[in-house]
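Beneath this line is the structure, given in structure tokens, with notes to follow.
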Protein chains: 2
Amino acid sequence: MTAQPSLGAGFARHDHGSCIEDSLATAEAACAQARLQLTPVRRRVLEILLEAHRAMGAYDILERLRDEGLGSQPPVVYRALDFLTANGFAHRIERLNAFIACAGHKAGHAPAFLICRVCNRVAEAEIAPDAGELGRAATRAGFVIERTVREATGLCPACAEGGEA
Amino acid sequence: MTAQPSLGAGFARHDHGSCIEDSLATAEAACAQARLQLTPVRRRVLEILLEAHRAMGAYDILERLRDEGLGSQPPVVYRALDFLTANGFAHRIERLNAFIACAGHKAGHAPAFLICRVCNRVAEAEIAPDAGELGRAATRAGFVIERTVREATGLCPACAEGGEA
DNA sequence: GATGTAATGTTATATAATCACACTTGGAGT
DNA sequence: ACTCCAAGTGTGATTATATAACATTACATC
């Protein structure tokens, strides 16, 4: 879980600098709208996730915060991450016990993730909440879905092409 | 993660005693076939999972093993779980950091899970490997899927009916 | 019976997450 | 201005989950 420079969402290159600013601005607007407080710690954690543009472990983030004097104990980062994930600004990747900034932020969406096991980059894909066989299976079983986890591990285009494994 | 008596797969009642025996027999046959060793520890861990018939944490299982003198340190249970999951006899539920016996065991299947957040029971549903939007998203992105995680959290029929939350 | 491989035993440690409680701050009501 | 409350933060300790590293055993094969 080392921090490295990165390419983009969907494994495609894009204008990274502006995407950070845009996302932050969107988050700020959304918070103002919903009377949520994007406090310094919360804002900085989101920013760190946006800059990394890949999944980061809570303790990796904490290390950065510590360097910057913004907090030094685990609860600091976990509280910020709780806030960010609860409000859709970031997502938890269960498979990695890690977190990633939300790409796109449409309210109430059900994201799916493609995780490259080599370069560790993560792409986010939008998916209808109860779509697909998971939803059908739930209906069949009389199960009420509240949240879904859809994560695929494998090889991203770049890593699949180069020496894979 | 306390062990409790339970009902069944798919949240439906079924003959539990025989389902344990059947699954164990199937596992034994499969191991014999594939020249895999279903050693005492491995067999017992599978049995524990089958009896619980719900997701169990590794340390819950370890506690049982310890009581029975079958092993007392974490690596014991993790190695057994690695074996069982690698060979399709059990599955890891990422969302819960827990494990569950496989219901059905068809080779090379891609299971999905319905997890009740109240009673903690888990139902397993069979799903085509790259089916659905996750597969389509991967194709679009040029991503090679090796493994998928599909887990839905919510309310099982019984808990949805009674006082939910 | 020497050798190789798979499995197990055991100690220590790494990694992830939460609890519990004190403190600060900024607004609402008076 | 004062009190109160709620949200957020600081901090130390603890719990939960998982792996590393290395010694030992068990068994098959030659």
Fill in: Ring geometry between A:F143 and B:F11 (parallel below 30°, tilted from 30 to 60°, perpendicular above 60°)
parallel

Worksheet item: Less than 6.0 Å separating the ring centroids of A:F113 and A:H91?
Response: yes

Fill in: Side-chain donor/acceptor of A:R42 to base of D:dG8, under 3.5 Å
no

Practice prompt. Check the distance between C:dT10's P and B:L70's CG and give it to me in whole angstrom.
Written response: 12 Å

Item to complete: Using a 4.0 Å heavy-atom cut-off across all strands, classify B:R92 as base, sugar-phosphate, or nothing.
Response: sugar-phosphate

Item to complete: Return no unless some side-chain N or O of B:T39 is found under 4.0 Å from OP1 or OP2 of C:dA6.
Response: no

Item to complete: Specify the separation, in whole Å, of atom CZ of A:F99 and atom P of C:dA16.
Response: 10 Å

Discussion item. Please compare A:A80 and A:P75 by the position of their nearest nucleotide in DNA chain D and report the one closer to 5'.
Written reply: A:A80

Worksheet item: Do side-chain atoms of A:R92 reach the backbone of A:L81 as a donor and acceptor pair under 3.5 angstrom?
Response: no

Discussion item. Ignoring hydrogens and geometry beyond distance, is the side chain of A:Y59 in donor-acceptor contact with the base of C:dA14 at under 3.5 Å?
Written reply: no

Item to complete: Consider the side chain of A:R79, meaning its heavy atoms from C-beta on, and name the nucleotide among D:dG10, C:dT18, D:dT17 that approaches it most closely.
Response: D:dG10

Response to the item:
note: B:I61, atom CD1; D:dT17, atom P; distance rounded to Å ~ 11 Å

Item to complete: Could you tell me the separation between the CG atom of A:D82 and the C1' atom of C:dT18, rounded to a whole number of Å?
Response: 10 Å

Worksheet item: In terms of hydrophobic clustering (I, L, V, M, F, W, Y; side-chain heavy atoms under 4.5 Å; direct or indirect links), are A:I93 and B:V149 co-clustered?
Response: no

Practice prompt. Under the salt bridge (charged side-chain N to carboxylate O under 4.0 Å, His left out) rule, what do B:R95 and A:E94 come out as? Steps first, then yes or no, please.
Written response: CA-CA 6 Å; B:R95 187 65 195 284; A:E94 300 290 344; 3.4 Å; yes

Worksheet item: Which whole-number value in Å describes the distance from A:L84 CG to D:dG8 C1'?
Response: 14 Å

Response to the item:
Closest to the side chain of B:Q37, out of C:dA6, D:dG8, C:dA16, is C:dA6

Worksheet item: Can you check the B:L81 CG to C:dT8 P distance for me, whole Å?
Response: 12 Å

Worksheet item: If you pin B:L36 and B:S72 to their nearest nucleotides in DNA chain C, which one's is more 5'?
Response: B:L36

Item to complete: Give a yes/no on whether any side-chain N or O of A:Q73 is located under 4.0 angstrom from OP1 or OP2 of D:dG12.
Response: yes

Practice prompt. Grab the OH-C1' distance between A:Y78 and D:dT11 for me, whole Å please.
Written response: 16 Å

Practice prompt. Would you mind reading off the distance between B:E94 atom CD and D:dT17 atom C1', rounded to a whole angstrom?
Written response: 12 Å

